[in-house]
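Only one structure is covered here, and it is reproduced in the block below.
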Amino acid sequence: MTSTERGIAAAEAHSAHNYHPLPVVVATAEGAWVTDVEGRRYLDMLAGYSALNFGHGNRRLLDAAKAQLERVTLTSRAFHHDRFADFCTQLAALCGMELVLPMNTGAEAVETAVKTARKWGYKVKGVPDGRAKIIVADNNFHGRTTTIISFSTDPEARADFGPYTPGFEIVPYGDLAALEAAVDADTVAVLLEPIQGEAGVLVPPPGYLAGVREVTRSRNVLFIADEIQSGLGRTGRTFACEHEDVVPDMYVLGKALGGGVVPVSAVVSSREVLGVYAPGEHGSTFGGNPLACAVALEVLAMLRTGEFQQQAVELGEHLHSELGLLVGGGAVDAVRGRGLWAGVDINPSRGTGREISEQLMARGVLAKDTHGATIRLAPPLVISKEDLDWGLDQLRGVLEG
Ligand SMILES: *Cc1c(COP(=O)(O)O)cnc(C)c1O
């Protein structure tokens with residue numbers, strides 16, 4: 001047995017099988033590259049579903065984390081700590097918002113957004129108690145809690161986990177008329193991904209986000225943008241909403257906010273919206289802890305330079321022009337995306353997304369299929385053009401082979 005086989009067998013023997021990982025056991029990583037237990041190197045074209053936008057082992061993030069590890073790591077929110085105010089102030093400023101509510105994982109932040117919108121609906125908008133409705137899109141991915149999977153349209157994510165939380169209406173993604181028709185007097189929020197990541201990097205039709213902004217503003221409904229995967233540089237802007245000059249009422253952030261070092265998530269909004277909370281009404285033991293704040297502060301400093309967004313613009317243009325050349329050759333049916341983020345639909349004649357991912361792995365590229373036939377490419381924003389080209393060469397090699 002190789003050490004890879006031993007590692008996989010041991011993992012499968014003692015963990016729930018809620019994932020189907022590619023057969024690689026990673027031991028170390030740096031930048032856009034990981035090394036497995038047998039010393040083989042792979043280009044990471046998934047980047048932790050965009051949690052690793054700044055690459056593996058980013059020096060600035062590691063230094064910030066190490067310094068904070070030696071000072072204080074956890075206080076709970078029962079006490080103040082000296083990194084909290086800066087984190088909230090600087091994150092609010094990056095978002096052009098007023099208040100921050102920190103959590104840990106993306107799903108917790110989405111849950112927080114749902115709770116916040118409902119409370120805002122009852123306390124500010126005046127919706128009768130228990131009637132608040134939130135409009136969501138089909139093919140959404142917002143996380144894995146019981147409430148969130150209640151409004152998923154993916155049978156894999158949803159089946160056998162009921163009873164389901166009520167209060168959500170699902171409309172087709174990208175269909176503004178359907179969304180507008182679903183808004184009623186009890187509607188408190190529209191919750192959307194500005195680009196649907198898990199669904200296959202689906203970019204909505206031009207004008208959709210701006211249209212949603214207009215409808216929600218005119219009907220006194222909150223526009224909640226789940227930018228957990230699309231945000232923080234991935235698409236070439238700090239937020240994907242910026243591509244349509246849209247400012248939502250609430251950003252939901254996670255993944256890259258923790259720099260791939262620690263889980264950090266947050267809901268960021270106005271005083272009118274996040275001001276609905278009083279002490280004791282919501283919380284999290286780890287939310288906003290000193291280590292999380294220290295790492296996220298470094299993430300925010302890096303985002304303020306704009307260099308990562310610029311890198312995503314430049315390499316993204318290159319990525320999409322190269323991928324565009326593959327369409328129509330028989331192996332690739334369509335390519336979508338924005339910035340350093342692409343969904344590549346593989347023609348079934350070339351195999352499933354899983355098979356293509358395995359063949360990429362054999363050539364030293366780690367990527368992940370989503371929904372059967374789509375390969376999602378989302379390398380760290382720190383990837384070099386040479387490495388990106390090498391990764392694209394491997395993809396071409398697999399598709400031609
Ligand atoms: C990953 C993701 C989530 C859930 O985040 P977790 O940290 O896995 O709970 C929610 N929304 C979007 C858009 C995501 O990509």
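Just follow the structure's listing: the first ligand is 1, and inside any ligand the first atom is 1.
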ask   = Heavy atom of Phe141 under 4.0 Å from ligand 1?
value =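 So Phe141 counts as touching ligand 1.
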
If the plane angle is over 60° it's perpendicular, under 30° parallel, otherwise tilted; pick one for Phe84 and Phe87.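 Ring orientation, 0 to 90° scale: tilted.
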
- Query: Where does the angle between the aromatic ring planes of Tyr173 and Tyr208 fall among parallel (under 30°), tilted (30 to 60°) and perpendicular (over 60°)?
  - Reply: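 Judged by the thresholds at 30° and 60°, the geometry between Tyr173 and Tyr208 is perpendicular.
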
| query | Of the protein's non-hydrogen atoms, which lies at the shortest distance from atom 14 (C) of ligand 1, and what is that distance? | reply |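 Nearest protein contact, heavy atoms only, for atom 14 (C) of ligand 1 is Lys255 NZ, 2.9 Å.
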
Worksheet item: Can you tell me the protein heavy atom closest to atom 6 (P) of ligand 1 and the distance?
Response: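 Closest protein heavy atom to atom 6 (P) of ligand 1: Gly106 N, 3.4 Å.
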
Tell me whether [X] has any N or O atom under 3.5 angstrom from an N or O of ligand 1.
X      : result
Glu198 : no
Glu193 : no
Ile228 : no

[X] atom [atom1], over 12 foreign heavy atoms within 6.0 Å:
X      : atom1 : value
Glu38  : CD    : yes
Glu281 : CD    : yes
His17  : NE2   : yes
Glu214 : CD    : no

Once you restrict to heavy atoms under 4.0 Å, what part of Arg144 touches ligand 1? Side chain, backbone, both or neither.
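Neither part.
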
- Between Val264, Val252, Asp226, which one has a non-hydrogen atom sitting closest to atom 13 (C) of ligand 1?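 Going through Val264, Val252, Asp226 one by one, Asp226 has the nearest heavy atom to atom 13 (C) of ligand 1.
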
| query | Just which atoms of ligand 1 are under 4.0 Å from any heavy atom in His142? | reply |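 Counting from 1, the qualifying ligand atoms are 10 (C), 11 (N).
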
Query raised in the report: Ala107 heavy atoms, cut-off 4.0 Å: which ligand 1 atoms fall inside?
Result: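 Answer, ordered by atom number: 4 (C), 5 (O), 6 (P), 9 (O).
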
Taking Arg396 first and then Asp393, would you say they form a salt bridge - that is, a charged N and a carboxylate O separated by under 4.0 Å?
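Salt bridge flag = yes for Asp393 with Arg396.
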
